[in-house]
Amino acid sequence: MNILVIGSGGREHALCWAISASPLAEKLYCAPGNGGIAEIAECVPLKGTDADAIIAFCKSHDIGFVVVGPEDPLVSGLVDRLDAEGIKSFGPRAAAAQLEGSKGFTKDLCAEFNIPTAAYGRFADAAAAKAYLKTQSAPIVVKADGLAAGKGVIIAMSMAEAEAAIDDILGGRFGAAGAEVVIEEFMEGEEASFFALCDGTHALPLATAQDHKRVHDGDQGPNTGGMGAYSPAPVMTPAVCERVMREIIEPTVAALATRGTPFTGVLFAGLMITKDGPKLIEYNARFGDPETQVLMMRLSSDILPALIATHEGTLDRISLAWSHEAALTVVMATQGYPGDYPKGTEIKGVTAARAVPHVQVFHAGTIKEGEKLLSNGGRVLNITAKGGSVAEAQARAYEAVSKIDWPKGFCRSDIGYRAVAREQQET
Ligand code: AMP
Ligand code: GLY
């Protein structure tokens, strides 16, 4: 069948790479894609949020299955529109994508169904938010309710900082995404990313991963979309994974089914592994970026039947095999990211990086201009490697990074440090 993947990041490159290996996939398209995806799929200049254009393209190109990567099209109802046209797709409808689209929605659901998460309050009014704040203590977390491209979360170290964040969010800094503010208890622990395919009724856990959200080494500096990831995450022991499924994922799937808004797609739980066990930080209604890059490196099964079974409600018939090897990805970003950065700077050395054994280079913000490869975003390349240990995958990834000749780029030099330290302790 012909497949259309929606999105333009490293996540979509990794998904296209995995899908293109499926015997079920005939022609692969990606909208809008990027400079790397163009090597394995035909890129088409359509926006994921332009449902009319996507539907017209699916009809004219005999698309049998659409895989939606990013959150914006999901939250704005692309899957609802595709369903109405009888076009099969992977991803939740808008009502279930509210798990990502509104932090308040998720917090209320957790409260109603006893899903472990941080204590919270949600407010549309600054005075009420500040009155609640007075009953809490710092550090405290202040969040814009809606989609804010990962920038709507402030970890306030003082009450003054928390008050300023409330004024900022409710004052319109994030537009409609800041119509409400969520104030949360600060949770301590180690973070992990957990993914489960859900077909409305069944949930199938995928491999675990850990992301590095801060821009600088040692987890310093502002939050980003993610500067690197590895899989598996040692903190996610089988016992912790089992608790996450039982206490968090399964109650969520059941709750949404009961409400008549079943979740179909991938449920991405951002977790804090606290001394009291795993707690939900937030849900995303899509695959993680850059976590997907390491998951696809480790997946030994064909992904496409699993994505289709997610749509058809037959996930109970699917089992996925994962490599016992570790995978690690280093994000190369344009200097300035996550603030302002230039576009159009030339990148060389990708072929040499790709020639390092056990390495894949997934593109995020790149564009081809003739023979030249140019940067076209904040996060630009994901240098991804497999190895017998996280340390080995890390060494291979950084060897490949050293082949990239891009004066305007930078990356963290410590991706995987927690897992590598654990491995060293064990030997
Ligand atoms: P989010 O966009 O909700 O995932 O938040 C971004 C980052 O802020 C998370 O990855 C955590 O590092 C941090 N964070 C969010 N909520 C909390 C919380 N309640 N306690 C501690 N850290 C948090
Ligand atoms: N890496 C975190 C995310 O995809 O939101």
Side-chain angles (χ1 to χ4, degrees), residues 7 9-12 14-15 69-72 74-75 97 99-107 110 116-122 136-157 162 165 169 174 177-178 181-195 206 208-215 219-231 233 266-276 278-296 329-331 333 338 362 364 378-379 382 412 415 418:
R11 165 183 54 207
E12 287 76 20
L15 288 171
E71 61 274 22
D72 288 333
L74 296 170
V75 171
L99 281 180
E100 175 160 7
S102 164
K103 294 187 191 293
F105 172 91
T106 296
K107 298 299 286 188
C110 289
T117 187
Y120 76 107
R122 63 184 290 197
Q136 307 295 310
S137 58
I140 187 131
V141 186
V142 182
K143 300 182 176 182
D145 178 67
L147 294 182
K151 298 191 174 102
V153 175
I154 296 97
I155 314 275
M157 300 314 288
I169 292 170
F174 299 102
V181 70
V182 173
I183 303 177
E184 280 183 21
E185 161 205 5
F186 177 80
M187 297 186 286
E188 275 185 76
E190 190 168 334
E191 282 187 63
S193 304
F194 190 87
F195 300 89
L206 305 181
T208 59
Q210 212 156 15
D211 185 13
H212 297 63
K213 286 200 191 288
R214 304 298 187 111
V215 71
D219 296 323
Q220 302 296 311
N223 263 332
T224 69
M227 293 300 291
Y230 57 92
S231 172
V266 59
L267 201 48
F268 165 6
L271 300 173
M272 190 70 83
I273 312 306
T274 72
K275 61 176 176 31
D276 302 323
K279 292 190 179 180
L280 183 72
I281 301 174
E282 63 158 3
Y283 270 132
N284 296 306
R286 52 167 174 86
F287 279 109
D289 189 343
E291 290 94 329
T292 304
Q293 290 79 314
V294 286
L295 293 189
M296 292 306 114
T329 188
V330 177
V331 172
F362 295 120
R379 294 188 294 171
N382 309 142
R412 277 181 61 161
I415 299 303
R418 279 199 193 85

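Excluded from the calculations below are hydrogen atoms, water molecules and symmetry mates; all remaining heavy atoms, backbone and side chain alike, are included. Counting starts at 1 for both ligands and their atoms, following the listed order.
When only interatomic distances are considered, the shortest N/O to N/O separation between Gly225 and ligand 2 falls below 3.5 Å. Between Met187 and ligand 1, a contact under 3.5 Å exists for at least one N or O pair. Where the criterion is an N or O separation shorter than 3.5 Å, residue side chain and backbone included, Asp289 meets it with respect to ligand 2.
Looking at Gln136 and Phe186, their side chains never come closer than 4.5 Å, going by heavy atoms from C-beta outward. Contact check for Pro70 versus Arg11: side-chain heavy atoms found under the 4.5 Å cut-off. Counting heavy atoms from C-beta on, the side chains of Arg412 and Thr224 never come closer than 4.5 Å. Between Tyr230 and His212, some side-chain heavy-atom pair lies under the 4.5 Å cut-off. The shortest side-chain heavy-atom distance between Asn284 and Glu71 does not fall under the 4.5 Å cut-off. Between Ile154 and Ile169 the shortest side-chain heavy-atom distance falls below 4.5 Å.
Annotation for ligand 1: atoms under 4.0 Å from non-hydrogen atoms of Glu185 are 18 (C), 19 (N), 20 (N). In the vicinity of Asp211, heavy-atom distances shorter than 4.0 Å reach the ligand 2 atoms 1 (N), 2 (C). Close approach of ligand 1 to Lys143 is summarised as follows: ligand atoms under 4.0 Å from at least one heavy atom of the residue are 3 (O), 15 (C), 16 (N). Listed by number with element, the atoms of ligand 1 under 4.0 angstrom from any heavy atom of Phe186 are 20 (N), 21 (C). For ligand 1, the atoms lying closer than 4.0 Å to a non-hydrogen atom of Lys103 are 2 (O), 3 (O). The atoms of ligand 2 that sit less than 4.0 Å from any heavy atom of Gly288 are 4 (O). Close contacts between ligand 1 and Lys213 involve ligand atoms 10 (O) [criterion: under 4.0 Å to a heavy atom]. Against a heavy-atom cut-off of under 4.0 Å, Lys213 is close to the following atoms of ligand 2: 2 (C).
Proximity of a side-chain donor or acceptor of Thr208 to a complementary backbone N or O of Ala233 within less than 3.5 Å is detected. Between the Gln210 side chain and the Glu191 main chain, a donor and an acceptor come within less than 3.5 Å of each other. Under the 3.5 Å distance criterion, the side-chain polar atoms of Arg214 are matched with a main-chain donor or acceptor of Gly221.
Protein heavy atom in closest approach to atom 7 (C) of ligand 1: Asn223 ND2, 3.7 Å. Nearest non-hydrogen protein atom to atom 5 (O) of ligand 1 is Val153 CG2, 3.5 Å. Atom 14 (N) of ligand 1 has its closest protein heavy atom at Ile155 CD1, 3.7 Å. Atom 18 (C) of ligand 1 has as its closest protein heavy atom Val141 CG2, 3.6 Å.
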>> Using the rule given for side chain to side chain contact (heavy atoms under 4.5 Å, CB included), can you reason through Lys103 versus Tyr120, listing the C-alpha separation, both sets of side-chain angles and the distance that settles it, and then say yes or no?
In response: CA-CA 11 Å; Lys103 294 187 191 293; Tyr120 76 107; over 6 Å; no
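At a heavy-atom distance under 4.0 Å, only side-chain atoms of Glu291, from C-beta outward, approach ligand 2. At a heavy-atom cutoff of 4.0 Å, ligand 2 is contacted by the side chain of Arg286 but not by its backbone.
Within the structure, the closest approach of Ala229 to ligand 2 does not fall below 4.0 Å when heavy atoms are considered.
Side-chain contact check for Thr329 and Gln293: no donor-acceptor pair (N or O, by modelled atom type) lies under 3.5 Å.
The option with the heavy atom closest to atom 10 (O) of ligand 1, from among Glu191, Met272, Glu282, is Glu191.
Ion pairing between Asp145 and Lys107 fails under the 4.0 Å rule for side-chain N and carboxylate O.
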